[in-house]
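One structure below.
Convention: sequence-line order gives letters A, B, ...; per-chain numbering from 1.
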Amino acid sequence: MSILGVQWPSASDSRRYSDCQTKRPPHYAADPSDLHAQRARANPQWRSAHTSAAPGFIKGYFDHSRLHFLSSVKLKAELVREAQARAEVKQEQQKAFAPKIAPESPVKGKGRARDERVIMHCDFDCFFVAAGLLSRPDFRGKPVVVCHSQGNQGGTSSTSEIASASYEARVAGIKNGMSLQQARKLCPTALTMPYEFDRYKDLSLNFYTILMFYADELEAVSIDEALIEVTAAVSRLRSDAARAGSPHDPAKDFAQKIRAEVKEATGCEISVGISHNILLARLATRRAKPAGAVHITPADVPGLIATLEITDLWGFAGSHREKAREKLGSTALSELTLYNAIRGIDDALLQSDQLRKSVSAEINYGIRFQSNEEAEAFIREMGITVAERLDEAKMRGRSITLKIMEREPSAPVEAPKFMGHGHCDAFQKQTPLVGPGGRATSDPQVIGEHAWRIVASFHFDPKELRGIGIQITNLEPADRPVSINSNQQRSSFKPSEVAPQAPALHALPKICPFLSSTRSWSKNGAVAPPRSRSASVFPERKSAPSMRMQQSGLLRHGAYVNSLHRNRPANALSRPTDADLGLAPEVYALLPSAIQREQLTAARLIKNLGAIPINKPKTFLLHDSNIQASAC
DNA sequence: ATCCTCCCCTAC
DNA sequence: TAAGGTAGGGGAGGAT
Ligand SMILES: Nc1ccn([C@H]2C[C@H](O)[C@@H](COP(=O)(O)OP(=O)(O)OP(=O)(O)O)O2)c(=O)n1
Ligand SMILES: [Mg+2]
């Protein structure tokens with residue numbers, strides 16, 4: 001089916017999405033949630049009031065989702081901007097009375113040797129819990145968790161997820177992300193506290209204001225976490241200390257001063273990791289927690305790294321651990337070539353505005369439809385939601401991707417986690433998003449229409465849907481009809497094919513209008529697209545994903561970040577480049593030449609090591625001289 | 001070469 | 001009852 005050059009999708013393939021994999025913590029007990037919950041779900045009245053079919057479900061969901069909260073705070077950057085404004089006011093005030101106290105203009109990071117930098121990684125201790133304790137001092141010193149379920153709600157079988165656990169609770173083995181029932185097994189006396197999203201923002205603003213006051217540069221990581229470069233401030237302290245013959249570490253003293261200020265302003269503890277690069281500063285924070293400061297110096301590096309696992313490095317998790325185990329026979333950093341990953345991180349600055357590459361909205365919780373009509377209404381409302389987010393970001397898009405989760409056929413109809421998605425097959429399909437005149441768009445009607453058509457093309461049984469996501473990509477600024485990616489094609493069709501104006505939606509031929517109950521595939525997530533309808537227009541896939549080559553797994557996720565530099569526009573960005581893995585020359589010699597030319601990422605390294613004709617991983621151990629050379 | 005599509009992965 | 005979002009890096013493989 002082709003409309004104005006747009007190819008509407010046919011069904012595609014799926015991937016498994018399991019409750020039982022490392023993807024999400026396996027915290028949901030195999031037995032279903034308790035009888036109360038079961039009865040509630042079975043009750044049509046309850047369903048129509050509390051699932052995706054309910055009016056207002058989407059707003060209510062996003063209002064209560066802590067993961068959405070975390071993402072939206074990070075995205076907006078308004079906190080950081082406000083903090084910068086406040087910090088500048090304070091600096092002006094101090095300059096007027098005591099010019100020497102206010103920090104001087106920072107020395108540009110580029111002009112400084114890497115090992116001269118002082119990087120601090122500042123992170124609240126059990127942030128949500130610490131915030132909650134401000135109004136529950138009687139809970140201090142006890143095992144406390146923040147989750148939706150409160151008190152004895154849900155009894156011992158609550159599937160409510162724990163956002164944050166106090167250090168007393170962690171002693172019992174409770175971890176962030178665990179279900180409450182799991183936590184109660186580990187610690188029956190654990191106390192619960194509710195979310196207080198507004199308070200988290202207030203505390204964060206105070207935190208960022210203090211950091212901004214001292215920082216030469218600041219990178220916002222999340223609502224409770226930031227990286228600052230404080231080289232200028234510390235070097236002043238250092239020369240003072242040298243004059244006074246003080247034995248103290250000025251960087252650590254400075255960190256303690258920042259900790260005290262944040263404690264004073266927020267009533268909460270932060271921990272500070274200090275080092276000459278980001279990777280090491282993050283490692284230092286882990287050793288500093290809770291309520292401490294740790295400085296890792298170049299001299300500490302060899303001894304420290306020798307004790308670590310690959311997953312202790314930021315950005316490395318389960319997939320890398322398994323890859324290392326398979327390919328190298330070890331997960332110990334000291335046994336891996338990654339040993340040498342401990343190097344400086346580039347501080348190159350980008351002048352561009354925040355470069356949003358995608359805008360999306362998804363819900364994979366409480367998705368339960370009885371009919372196609374319910375599903376369609378929901379998807380169109382999600383379309384409106386994404387459209388609003390596009391407008392907020394002042395962006396328009398040219399591509400739309402639908403992400404759909406469907407109950408895996410062998411999975412129970414109701415998931416172990418209350419109203420959760422359970423074990424699912426996941427489907428994804430991307431098509432051009434064609435706005436009026438073939439232009440990029442943020443029009444909710446257009447987005448909704450595309451979204452619904454994509455979903456309809458799959459012919460799902462609406463009762464089996466468990467998750468819906470809409471993502472818009474190929475973005476361009478709403479006020480400037482120029483693509484961000486200058487090389488990319490405007491769209492999938494030529495200007496001559498573009499209708500002079502937007503086709504009226506009602507005039508579009510209705511295709512795939514129903515989520516029919518028939519689907520002509522089933523096995524193993526591999527899909528045979530229905531022969532009917534659009535198969536002739538939409539090319540059939542040659543192979544199912546399950547037949548594809550296994551992915552290698554990835555690497556470093558250094559994203560474009562919110563970064564504020566004093567004396568630069570608030571929206572200026574800096575991009576920490578990938579950590580330079582800094583292989584020893586003899587290791588480079590073993591790698592395929594194509595790899596050598598590019599920046600070597602850990603994923604490539606781990607992947608390619610398997611193909612290198614060597615006997616043992618030991619070959620890749622580095623000499624002390626290399627470590628010294630690269631660690632600084 | 002450089003894209004597009006579909007996937008995986010990580011972090012908070 | 002509970003609220004499993006979101007963006008970006010990056011790889012594989014096909015199209016152009
Ligand atoms: N799986 C998770 C992880 C974190 N968070 C939220 C709650 C945390 O309080 C906040 C900050 O995350 P951290 O990783 O910094 O964890 P904490 O601050 O709770 O503990 P700590 O930093 O002391 O380890 O993000 C969440 O909702 N779900
Ligand atoms: Mg924290």
Indicate whether OP1 or OP2 belonging to [N] is found under 4.0 Å from a side-chain N or O atom of [X].
X: A/K74; N: C/dA7; answer: no
X: A/H68; N: C/dA3; answer: no
X: A/S319; N: B/dT10; answer: yes
X: A/R389; N: C/dT6; answer: yes
X: A/H50; N: C/dA3; answer: no
X: A/S160; N: C/dA3; answer: yes
X: A/K417; N: C/dA3; answer: yes
X: A/R66; N: C/dG5; answer: no
X: A/S72; N: C/dG5; answer: no
X: A/N474; N: B/dC3; answer: no
X: A/N364; N: C/dG5; answer: yes
X: A/T431; N: B/dT5; answer: no
X: A/Y61; N: C/dG5; answer: yes
X: A/S149; N: C/dA2; answer: yes

Regarding [X], tell me which of base, sugar-phosphate or nothing describes its non-hydrogen contacts under 4.0 Å with the strands shown.
X: A/S158; result: sugar-phosphate
X: A/S222; result: sugar-phosphate
X: A/R466; result: nothing
X: A/I223; result: nothing
X: A/D224; result: sugar-phosphate
X: A/H64; result: base
X: A/G366; result: nothing
X: A/E225; result: sugar-phosphate

Donor-acceptor contact below 3.5 Å, side chain A/Y208 vs main chain A/A220: no
Consecutive-pair stems (at least three Watson-Crick or G-U pairs, under 3.5 Å) that include DNA chain B: B:1-12 with C:5-16
Partner of A/M419 under side-chain contact (heavy atoms from CB on, under 4.5 Å), chosen from A/R368, A/R466, A/H50: A/R368
Working for salt bridge (charged side-chain N to carboxylate O under 4.0 Å, His left out), residues A/E322 and A/R325: CA-CA 5 Å; A/E322 293 319 303; A/R325 213 200 299 283; 3.0 Å; yes
Comparing A/Q153 and A/F69 on DNA chain C - which has the more 5′ nearest nucleotide: A/Q153
Pairwise 5' ranking along DNA chain C for A/Q150 and A/M382, keeping only the more 5' one: A/Q150
Steps toward side chain to side chain contact (heavy atoms under 4.5 Å, CB included) verdict (A/T385, A/I58): CA-CA 9 Å; A/T385 303; A/I58 292 177; 3.8 Å; yes
